[in-house]
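Each remark here refers to the structure printed beneath this line.
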Amino acid sequence: MPDKFTSLTPELYRYLLDHSVRPDPVLERLREETAALGRPAVMQIAPDEGALLTLFVRAICARRAIEIGTFTGYSSIAIARGLPPDGRLVTCDVNEEWTRIARRYFREAGVAERIELRLGPALDTLASLDRGESFDFAFVDADKSSYPAYYEAILERLRPGGVLMIDNVLWGGRVVDPSDTSEATRAIRALNDRIAVDERVDAATLPVADGVTIARRR
C-alpha cells in the first residue's frame, strides 16, 4: 500500500491556515512581538497548532490544565480559551523576561483569571502540587532533554481519559538522523519509543508543525 501524505508547499500551508485559523488581532500582535525577539522566536508554536490546542481542550470539556513551557504565552492563551470561565491553567516556565510578555497578553486576551503562572523548574512545580491534584489536559513544549521526566510526572497527575499533547516530537527530522546523538535528540527518541509501547495510553502522532503526539490516558 503506497504512503498517503501530502507535502505542504508554502501555498498549501497558507491555504491550511486560512481554513483552520481565524483572524485574531491579539495573537497576531503577540506573534509579531515574539518575532522581534530574534532567534528565540522559533520556540513559539505554529498558529494551526494553537487552533488544535483550543479545539482539544474544548472537545474533552477540560476544566483543569497544565502546561510546561509558557514562553511568551501563545499556547497558554490557546489552552485557556478552550477552558470554561471557571477553568484553570497552571503554566510553568523559568524565564521572567519572556513570561512578562505572556502576562501582558493574558490580560489583553481576557484569560488572565484562568491562568496561574508558576516560575521555577517544572518538575519542582509538579512535585509541589497537592497529592490529589489532577488534570484533564496537559501540554509539553519545553527543554527537550527533560521530556521523558515530564511525561512520567504529568501522566501520574492526568485523570483517566485526560489528554497530553507533546510538541516537537519530530524534532526537525533529527529523530531519524542516526548521526545526531545530541542529548535533546536522544531524549525525544526515547520518549517516542516509550509512548509507542506504553499500555497506559492510547496515542497518535500528527505531522502538525514540528510533530505533535497526542496521548490519552486509559
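Not measured: the values here are computed from a predicted model.
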Measure the spacing between OG1 of T91 and CG of L117 and express it to the nearest 0.5 Å. 6.0 Å
For T34, enumerate each residue passing the side-chain hydrogen bond (donor to acceptor under 3.5 Å, both in side chains) test, keeping only those at least two apart in sequence or located in another chain. Q44, T72
Which residue pairs pass the ring pair (Phe, Tyr, Trp, His ring centres under 6.0 Å) test when at least one of the two sits in residues 158-212, sequence neighbours left out? none
Y74 side chain near S76 side chain, heavy-atom distance below 4.5 Å: no
Taking side chain to side chain contact (heavy atoms under 4.5 Å, CB included) as the definition, give me every residue that meets it alongside E96, ordered by chain and number, with sequence neighbours left out. R100, L119
Quick check against the 3.5 Å criterion: does N168 have a side-chain atom that pairs as donor or acceptor with the backbone of L170? no
Taking all non-hydrogen atoms of both residues, which atom of A62 and which atom of L83 are closest, and how far apart? O-CD2, 3.4 Å
Under the salt bridge (Lys or Arg N to Asp or Glu O under 4.0 Å) criterion, do R104 and E33 qualify, and how do the steps go? CA-CA 12 Å; R104 179 155 41 85; E33 186 167 342; 2.5 Å; yes
Less than 4.5 Å apart, any side-chain heavy atom of R114 and any of L89? no
So if you build clusters from Ile, Leu, Val, Met, Phe, Trp, Tyr with side-chain heavy-atom gaps below 4.5 Å, do V208 and I60 land together? yes
With heavy-atom distances below 4.5 Å as the criterion, would you say the side chains of F137 and M165 are in contact? yes
Of all residues at least two apart in sequence or in a different chain, which pass the side chain to side chain contact (heavy atoms under 4.5 Å, CB included) check with S179? D177
Nearest heavy-atom contact between A41 and A35 is CB-CA, 3.7 Å
With sequence neighbours excluded, what pairs up with D141 under the salt bridge (Lys or Arg N to Asp or Glu O under 4.0 Å) test? K144
Side-chain heavy-atom pair D202, I214 within 4.5 angstrom cut-off: no
Is V42 reachable from I166 through a run of I, L, V, M, F, W or Y residues, each pair having side-chain heavy atoms under 4.5 Å apart? no
Over 12 non-hydrogen atoms of neighbours within 6.0 angstrom of CZ in R22: no
Please determine if E152 and R200 form a salt bridge, counting it only when a charged side-chain N lies under 4.0 Å from a carboxylate O. yes
Give me the atom names and distance for the closest heavy-atom approach of V26 to A109. CG1-CB, 4.1 Å
In L27, L17, L52, the residue satisfying side-chain contact (heavy atoms from CB on, under 4.5 Å) with P47 is L17
Please list, chain by chain and in numerical order, all residues satisfying side-chain hydrogen bond (donor to acceptor under 3.5 Å, both in side chains) with D24, sequence neighbours excluded. R81
T205: partners by side-chain hydrogen bond (donor to acceptor under 3.5 Å, both in side chains), with sequence neighbours left out: T213
Given D136 and R64, is the salt bridge (Lys or Arg N to Asp or Glu O under 4.0 Å) satisfied, shown in steps? CA-CA 5 Å; D136 308 304; R64 292 186 49 76; over 6 Å; no
Return each pair, listed once, that meets side chain to side chain donor-acceptor pair (under 3.5 Å) where at least one residue sits in residues 48-58; pairs must be two or more places apart or across chains. Y13-D48
Between L8 and F5, is there a shared hydrophobic cluster once you connect ILVMFWY residues whose side-chain heavy atoms come closer than 4.5 Å? no
How about I45 and D167: do any of their side-chain heavy atoms sit closer than 4.5 Å? yes
Side-chain donor-acceptor pair under 3.5 Å between S128 and T125, yes or no? no
Set of residues satisfying side chain to side chain contact (heavy atoms under 4.5 Å, CB included) with respect to D86, sequence neighbours excluded: R63, P84
I79-V111 co-clustered via ILVMFWY side chain contacts under 4.5 Å: yes
Quick one: CD on E11 to OG1 on T9, what's the gap to the nearest 0.5 Å? 4.5 Å
Rounded to the nearest 0.5 angstrom, the CZ-CG distance for R216 and L164 is 13.0 Å
If you look only at pairs with a residue in residues 96-126, which of them pass as a ring pair (Phe, Tyr, Trp, His ring centres under 6.0 Å), with sequence neighbours excluded? F71-W98
Which heavy-atom pair separates D210 from G172 by the least distance, and what is that distance? OD1-N, 2.7 Å
Sorted by chain and residue number, the side-chain hydrogen bond (donor to acceptor under 3.5 Å, both in side chains) partners of S146 (sequence neighbours excluded) come out as D143
Cluster question for you: counting only ILVMFWY and a side-chain heavy-atom cut-off of under 4.5 Å, with indirect links fine, are L123 and L191 together? yes
Minimal heavy-atom distance between A187 and P148, with the atoms involved, is O-CG, 3.7 Å
Evaluate the side-chain proximity of I77 to L30: yes if any heavy-atom separation is below 4.5 Å, no if none is. yes
Closest contact, heavy atoms only, A122 versus C92: CB-CB, 3.9 Å
Walk me through whether I68 and F139 qualify under side chain to side chain contact (heavy atoms under 4.5 Å, CB included). CA-CA 6 Å; I68 298 180; F139 180 58; over 6 Å; no
Less than 3.5 Å apart, any donor N or O on the side chain of T70 or T99 sitting next to an acceptor on the other? no
Any sub-3.5 Å donor-acceptor pair from R159's side-chain atoms to S134's backbone N or O? no
Can R189 and D193 be counted as an ion pair, charged N to O under 4.0 angstrom? no
May I ask you to decide if E199's main-chain N or O and R218's side chain share a donor-acceptor pair within less than 3.5 Å? yes
Sorted by chain and residue number, the side chain to side chain contact (heavy atoms under 4.5 Å, CB included) partners of L129 (sequence neighbours excluded) come out as I66, R118, L126, E133, F135, R157
